[in-house]
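This report refers to the structure that appears directly beneath it.
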Amino acid sequence: MSQSPFASSADRRAAIRANAESMGITDEYISLLVDRFYERIRNEPEIGPIFDAAMGDSWDSHLATMKDFWASVAFNAGRYRGRPVPAHAKHKTIRPHHFDIWLGLFKQTLEETAPTPAVVPYFYERAVRIGQSLKLALFGAPELKGALRADNDD
């Protein structure tokens with residue numbers, strides 16, 4: 001779907017939403033995805049307790065926020081107004097490998113709930129970028145530090 005470089009932001013947003021909806025991505029699907037995903041998260045033995053400690057009694061509001069977040073990711077809905085890096089940085093028990101667990105659960109949920117096959121890569125590639133961005137913001141890039149040291153040994 002080509003877009004004019006001069007399309008208005010409303011037109012671009014409408015085109016993104018139409019593309020997502022053509023795959024079966026709707027607010028109803030996002031609600032299902034988020035509910036099932038966080039059910040998995042809560043039952044996962046390593047990261048479930050981290051999320052439970054962070055959420056306390058605010059799971060309902062967190063799920064609503066995550067539905068707005070994923071709607072904004074999927075079809076540029078513009079409903080999410082949070083700041084994910086500070087929200088995650090305050091939880092000192094989060095480790096880099098937790099993002100891999102999160103991503104695996106997300107992919108599993110996508111594969112089981114996607115209304116069409118195209119939905120899985122559409123969401124998954126965005127989730128990978130989100131996880132990588134958060135991991136980089138929280139922990140830097142330790143794999144690059146080793147490579148840089150090796151390059152400087154010459």
Side-chain angles (χ1 to χ4, degrees), residues 9 12-13 16-17 19-21 23-154:
S9 60
R12 287 192 303 274
R13 199 172 8 262
I16 292 167
R17 185 172 190 107
N19 181 49
E21 287 178 348
M23 290 184 269
I25 301 171
T26 62
D27 280 314
E28 292 77 17
Y29 173 67
I30 290 171
S31 183
L32 170 72
L33 175 64
V34 168
D35 288 342
R36 294 257 179 96
F37 173 60
Y38 280 99
E39 183 178 313
R40 275 200 168 92
I41 290 285
R42 293 181 85 172
N43 290 315
E44 204 287 324
E46 187 168 352
I47 64 174
I50 295 169
F51 275 84
D52 279 334
M55 294 304 113
D57 293 332
S58 63
W59 271 102
D60 289 341
S61 66
H62 180 68
L63 292 177
T65 299
M66 291 298 91
K67 290 171 186 179
D68 286 342
F69 172 79
W70 285 107
S72 295
V73 167
F75 38 75
N76 202 9
R79 296 191 307 239
Y80 177 73
R81 300 277 187 255
R83 296 180 48 213
V85 172
H88 288 82
K90 67 183 178 185
H91 303 292
K92 301 304 180 196
T93 58
I94 296 174
R95 298 291 172 257
H97 75 279
H98 292 148
F99 289 95
D100 300 327
I101 297 169
W102 175 88
L103 193 58
L105 294 173
F106 192 77
K107 187 173 186 187
Q108 182 182 16
T109 307
L110 277 171
E111 290 170 341
E112 291 177 5
T113 62
T116 64
V119 169
V120 176
Y122 185 82
F123 266 105
Y124 188 68
E125 71 180 42
R126 287 157 176 79
V128 167
R129 285 195 308 257
I130 290 162
Q132 289 172 337
S133 295
L134 281 170
K135 209 183 326 185
L136 184 59
L138 296 175
F139 304 105
E143 66 279 4
L144 293 179
K145 290 177 187 170
L148 292 173
R149 271 197 299 274
D151 287 345
N152 291 332
D153 290 342
D154 295 335

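We're numbering straight along the sequence, starting at 1. All heavy atoms count here, side chains included; hydrogens, waters and symmetry mates do not.
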Separation between CZ of Arg129 and CG of Leu134, rounded to the nearest 0.5 Å: 13.0 Å
Can you check whether Asn19 reaches Met23 side chain to side chain, under 4.5 Å on heavy atoms? yes
Scanning both residues in full, the closest heavy-atom pair of Ala20 with Ala74 reads CB-O, 3.8 Å
Sidechain-backbone polar pair: His88 side chain, Pro84 backbone, donor-acceptor under 3.5 Å: yes
I need the Leu103 CG to Leu110 CG distance, nearest 0.5 Å. 9.5 Å
If I take atom CD1 from residue Ile47 and atom CH2 from residue Trp102, how far apart are they, to the nearest 0.5 angstrom? 9.5 Å
Nearest heavy-atom contact between Ile30 and Ala71 is CD1-CA, 3.5 Å
Between atom CZ of Phe37 and atom CE of Met66, what is the distance when rounded to the nearest 0.5 Å? 10.0 Å
Shortest non-hydrogen contact from Leu63 to Asp35? CD1-OD1, 4.0 Å
Excluding sequence neighbours, so at least two apart, what forms side chain to side chain donor-acceptor pair (under 3.5 Å) with Thr65? none
Tell me, do Phe123 and Thr113 make a side-chain contact under 4.5 Å, heavy atoms counted? no
Side chain of Ser31, backbone of Asp27: donor and acceptor closer than 3.5 Å? no
Using the salt bridge (Lys or Arg N to Asp or Glu O under 4.0 Å) rule, collect all pairs that involve residues 86-105, keeping only residues at least two apart or in two chains. Asp100-Lys135
Check whether any side-chain heavy atom of Tyr29 lies under 4.5 Å from a side-chain heavy atom of Trp70, and answer yes or no. no
Distance in Å, Phe106 CZ paired with Ile130 CD1, rounded so as to fall on 0.5 Å steps: 7.5 Å
Please report the shortest heavy-atom distance between Phe139 and Ile94, naming the atom on each side. CZ-O, 3.2 Å
Which distance, rounded to the nearest 0.5 Å, do you find between the CD1 of Ile41 and the CD of Glu39? 11.5 Å
With sequence neighbours excluded, give me every side-chain hydrogen bond (donor to acceptor under 3.5 Å, both in side chains) pair touching residues 41-54. Arg42-Asp52, Glu46-His97, Glu46-His98, Asp52-Trp59
Donor on one side chain, acceptor on other, Thr109 and Arg40, under 3.5 Å: yes
